[in-house]
Structure formats: C-alpha cells, structure tokens
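Here the structure is laid out as structure tokens; the discussion comes afterwards.
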Amino acid sequence: MSAFFQLLTELDVHIEPELFDLALTHRSYAYEHGQIPNNERLEFLGDAVLSIVVTERLYRAYPDFPEGRLAKLRAAVVSSVSLAAVARRLEIGSLIKLGKGEISTHGDDKTSILADTVEALIGAAYLSDASAARRLVTAVFQPLLEEAVKLGSGLDWKTALQELTAANGLGSVGYQLSETGPDHDKEFTARAVINERSFEPGVGHNKKHAEQIAAENAARTLQAEGYQFAN
C-alpha cells in the first residue's frame, strides 16, 4: 500500500473516488485520451486551500512574528520543491496518470508534476470533506512549517545553503546559470554546485528565483543525506 493511502487511513480522510481519479490525471494523459478532464482545476483549488490552512497555522502559532516573516515562512512551506518532497515521501508519483511522453521522461519524479498533483489531491480532499482536508494539510505540512521556523535566516535558501555547507565543511557554493526564450518571456535555469558536485536545477522567470529554487534543492538533498545546520 502506498504511504499516501496509509496516511489517508490513519487520518480518516475519505476522498470521493471520482475526485481522487481526477486529481491524479495529468494533462498529458488527458490529451492522449480524447481531451478528458485533467487535474488543473483541482490544483487551482488545492493551492488556495493549502495557502489558507498554512497561513492560519502560522498566524495562530507565531503571534509575535511580523507579516513579512510570516509571508516568507508560508512561501518556504508551500514551495514547489517542498510539495514535491512531500509527494516523494508519500509515494504519490507512481499513482499519477501520465501521457506516454511524460512517462518516457520520468514525469512521475518531476518536481512540477509532483507539486501540482499534491495540490490537486488537497483540492479533491477539500471537495470531499473540508474538515478532513484541513487535517490532511496540517498533518503533512506541520513538520515543514517547524523546519522553516528553525531555519531562521535560512528562509533565504541561498543563505541557508551557505550556512549548511559552512557548518559541515563542504566548501563554497557556486551557481551555473542558463537562459532560454525571447526577451519578453525568458526562462532561467540555475544549478547549485559544491566542490564540483551539482544538484537538481531550479527554474524561474528571473535569475534570483531560479537560484533560490536551486539552493533549496541542494539544501534539502544535503539534509536528506544527514548534513545538519549548526546549533
């Protein structure tokens, strides 16, 4: 049984079968099967549900934090990288219905697809039972929220990565940057490099955003390998 199904059982969260199936239907699969409905509308809803639940948790748990810090904490918790990490931990990738093209390029492990699917599942849970959806979001994202608070200045992921590498003697951090697209719609790809080791890239519509995602990818990878921030 998938870790996600186990979690739903533990939390007593019941998602209506039709909504569950829709939440797992990527647009590539829908296109190949006669333009059937896909999960993008549920993703839109789930994004809003996730944001409000996390915002409320932050508001109640940290009454002394100013608005700016609360906003940064929320952004860290609901980032695409964080959502994808949740999907991998809950083994959601293997459940997603993908088109042949996405299957051939390992779409079941792409950060964007995993993140979108998590949001769609939250949307499906909300339509099935709003209170259950709140339990699901709280159980999954509370640990991420607590982690973000502990990062302190590390809410800036580039700073966090520098602190992490310094604490563990890993060397300096560099970034490889490339860009594609016309001037009015450029897309930037950044990759953090530490001692010639490169990590999963970050993609954004400006250099700063791409580097922040790349830094978060690297920091989370290193943490998963056992490296810790200094106390």
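Just so you know, these numbers use all the heavy atoms, side chains as well, and skip hydrogens, waters and symmetry mates.
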Pairwise distance [atom1]([X]) to [atom2]([Y]) - rounded to 0.5 angstrom:
{"X": "R27", "Y": "N38", "atom1": "CZ", "atom2": "CG", "value": "8.0 Å"}
{"X": "L136", "Y": "L8", "atom1": "CG", "atom2": "CG", "value": "6.5 Å"}
{"X": "L98", "Y": "L24", "atom1": "CG", "atom2": "CG", "value": "10.0 Å"}
{"X": "L95", "Y": "F5", "atom1": "CG", "atom2": "CZ", "value": "5.0 Å"}
{"X": "S80", "Y": "I213", "atom1": "OG", "atom2": "CD1", "value": "5.0 Å"}
{"X": "R134", "Y": "Y126", "atom1": "CZ", "atom2": "OH", "value": "8.5 Å"}

Are [X] and [Y] ion-paired here, with the side-chain N under 4.0 Å from a carboxylate O?
{"X": "E211", "Y": "K158", "value": "yes"}
{"X": "R41", "Y": "E119", "value": "no"}
{"X": "E102", "Y": "K110", "value": "yes"}

Please indicate whether [X] has more than 12 foreign heavy atoms, meaning atoms of other residues, nucleotides or ligands, lying under 6.0 Å from its [atom1].
{"X": "Y31", "atom1": "OH", "answer": "no"}
{"X": "K207", "atom1": "NZ", "answer": "no"}
{"X": "K208", "atom1": "NZ", "answer": "no"}
{"X": "Q142", "atom1": "CD", "answer": "yes"}
{"X": "E225", "atom1": "CD", "answer": "yes"}
{"X": "Y227", "atom1": "OH", "answer": "no"}

Does either side chain, that of [X] or that of [Y], offer a donor lying less than 3.5 Å from an acceptor on the other one?
{"X": "R220", "Y": "S82", "answer": "yes"}
{"X": "H106", "Y": "D108", "answer": "no"}
{"X": "S198", "Y": "Q176", "answer": "no"}
{"X": "S79", "Y": "E216", "answer": "yes"}

State yes or no: do [X] and [Y] share one hydrophobic cluster built from I, L, V, M, F, W and Y residues joined by side-chain heavy-atom distances below 4.5 Å, directly or via other members?
{"X": "V53", "Y": "Y59", "answer": "no"}
{"X": "V203", "Y": "F199", "answer": "no"}
{"X": "I52", "Y": "V137", "answer": "yes"}
{"X": "L145", "Y": "L70", "answer": "yes"}
{"X": "V78", "Y": "L58", "answer": "yes"}

Is a side-chain N or O of [X] found less than 3.5 angstrom from the main chain of [Y], in a donor-acceptor match?
{"X": "N168", "Y": "L164", "answer": "yes"}
{"X": "E187", "Y": "T180", "answer": "no"}
{"X": "Q212", "Y": "W157", "answer": "yes"}

So, for [X] and [Y], which heavy atoms are closest and what is the spacing to 0.1 Å?
{"X": "R89", "Y": "V140", "result": "NH2-O, 3.8 Å"}
{"X": "S2", "Y": "L90", "result": "OG-O, 3.2 Å"}
{"X": "L121", "Y": "A23", "result": "CD2-CB, 3.7 Å"}
{"X": "A133", "Y": "I122", "result": "CB-O, 4.3 Å"}
{"X": "I194", "Y": "L170", "result": "CG2-O, 3.3 Å"}
{"X": "I15", "Y": "A124", "result": "CG2-CB, 3.8 Å"}

*side chain to side chain donor-acceptor pair (under 3.5 Å) partners of R135, counting only residues at least two apart*: none

*Can you tell if the side chain of L114 reaches within under 4.5 Å of the side chain of D109, non-hydrogen atoms only?*
yes

